[in-house]
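Reading through the structure tokens given below for one structure.
These values consider heavy atoms only, across backbone and side chains, with no hydrogens, waters or symmetry-generated copies. Each ligand, and each atom within it, is numbered from 1 in the order the structure gives. Source: prediction; values computed, not measured.
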Amino acid sequence: MSQSMVQDALAGLVERNPGHIEFLQAAQEVLGSIVPVLVKRPELARDGILERLIEPDRQVIFRVGWFDDTGAIRVNRGFRVQFNNALGPYKGGLRFHSSVRLDTIKFLGFEQIFKNALTELPMGGAKGGSDFDPHGKSDGEVMRFCQSFMTELWRYIGADTDVPAGDIGVGEREIGYLFGQYKRLANVHTGVLTGKAPHWGGSLVRKEATGYGLVYFAARMLAAAGLEWDGLDTVISGSGNVALYAADKAESVGARVVAMSDSHGYVYDPQGIDFHLMRRIKEDRRDRIQAYAGERSGAEYHEGAEGIWTVPCTVALPCATENEMDEAGARALVASGCRLVAEGANMPCTPEAIRVLHENGIPFGPGKAANAGGVATSLLEMAQNSQRIHWTFDEVNSRLYGIMNRIYDQCREAAEHFGKPGDLILGANAAGFVRVARAMLAQGVV
Ligand code: NDP
């Protein structure tokens, strides 16, 4: 019965979302894994919960026209998908990257529902973005684009309605320009965006939170496998916000980060990545990762980002983008003796990669749990904004640490409760689904 309800919901999903490959991948993973939950708690599938959960509340698509530095008119497409607000105001980042399509935003918004639920904080799920790529654009171009983007988006968001944040291509600079335009249009200074710079309303630790949280989560997974961070060779893909601060925290707890990447290639540094040099190159100078090898003796640069999984390591943290680790990548990790994989990015491992890791008994931490530290700290930023206060670095960091530990506990307990001990994918999906489904049932059919 439960199996057939899931199959019916998935059949409808495929029919209604032709070509939305990533959204289907994400929805199939969640619905496919919660069958044991529906067997044990059939009341949670009442009132069309499954069908309603996979249909966004609202999808907005809009034109974003702006002038580049030569005076030429450029046109991009903007998106905001408000997926589900049963637990609180919509919350989820904005992604600016040339690959962004409605499919991308729907998959990310869907994942966000369960991730936000796992934090136990009052947040619904949403995501947005544009096919605008900030790479190679001047500050003026980025500002004009952000102003035009917000000129449409502002009517759909608000501190109690929908609170966007950053994601790929959207950092403190973009959040600043977006906020400036929102404030001008709405004439209010509220916490309508998170990821703001700490000197004008942002929270300390927000920038570091996803990467730090990932390392706290992975520490629990390591402990369950009888390991600890100290001395472990670690490979981290990406070199953006999540990857950089995962590397920072991993290094500070004694790991040696031996490789990092960007979309063009990866660097291997047998002495351990020099975080401060990497941060200057990627965050301050917005340069390519190749520059690291030129400035650090003993480091090597290799073309092709996917080669990073051939670097021998004990821990692998994919922190770049979706589907970046395929079956071959997972097999390379297994062959070199990797003992743990935890996702910093959203859905970076393909289903085939996850299957290989599972078959080889490698503990796997799904992104919706392991990378939830960013959104959790965004909620802490909202709390500080609405109370007009500012917590210290240590205060926010210790709350983040507590949240990540509770997320891990929930995943572990749910996996056990629903009959698959150690399966953190089931654990994360089940714990998130139960919380959202109960709220939806209580709020009636809409
Ligand atoms: P950034 O834009 O800061 O960084 C993305 C990084 O990934 C860049 O180094 C980029 O390289 C690299 N990259 C992109 N595509 C590839 C690829 N195919 N192979 C290797 N590297 C690649 O983004 P974030 O760090 O914010 O986000 C990374 C991931 O984490 C995304 O999946 C995002 O959704 C997820 N996430 C982010 C959160 C946050 O708080 N920021 C919270 C939770 C999840 P290049 O510079 O060449 O483009």
Any ion pair linking Asp103 and Lys106 (charged N to carboxylate O, less than 4.0 Å)?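 Salt bridge absent between Lys106 and Asp103.
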
At a 4.0 Å cut-off, with the gap strictly under it, does some heavy atom of [X] reach an atom of ligand 1?
X: His97; result: no
X: Ser261; result: yes
X: Arg286; result: no
X: Glu322; result: no
X: Glu306; result: no

Which pairs of donor and acceptor atoms, one on a side chain in residues 422-429, lie under 3.5 Å apart (sequence neighbours left out)?
from   : atom 1 : to     : atom 2 : distance (Å)
Asp423 : OD1    : Ile425 : N      : 3.1
Asp423 : OD1    : Leu426 : N      : 3.0
Asn429 : OD1    : Lys368 : NZ     : 2.8
Asn429 : ND2    : Glu29  : OE1    : 2.9
Asn429 : ND2    : Ser33  : OG     : 2.8
Asn429 : ND2    : Ile425 : O      : 3.4

Record the part of Ala320 in heavy-atom contact with ligand 1 below 4.0 Å; permitted values are side chain, backbone, both and neither.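 Answer for Ala320: both.
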
Looking only at side chains, do Glu283 and Tyr245 share a donor and an acceptor under 3.5 Å apart?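 Yes, because at least one side-chain N or O of Glu283 sits under 3.5 Å from a partner of the opposite role on Tyr245.
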
Qualifying residue for side chain to side chain donor-acceptor pair (under 3.5 Å) with Gln82, from Asp57, Thr161, Asp162: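 Checked Asp57, Thr161, Asp162 against Gln82; only one passes side chain to side chain donor-acceptor pair (under 3.5 Å): Asp162.
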
Would Asn346 count as being in polar contact with ligand 1, using the rule that some N or O on each side must be under 3.5 angstrom apart?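 Indeed, backbone or side chain, Asn346 has an N or O that close.
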
Examine Arg206 against ligand 1 and note whether any of their N/O atoms are separated by less than 3.5 Å.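 Such a contact does occur with ligand 1.
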
Does Arg339 have more than 12 heavy atoms from other residues, nucleotides or ligands lying within 6.0 Å of its CZ?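 At most 12 heavy atoms, drawn from other residues, nucleotides or ligands, come within 6.0 Å of this atom.
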
Find all atoms of ligand 1 within a distance of less than 4.0 Å from any non-hydrogen atom belonging to Lys282, and give their numbers and elements.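 Under 4.0 Å from Lys282, ligand 1 has these atoms: 46 (O).
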
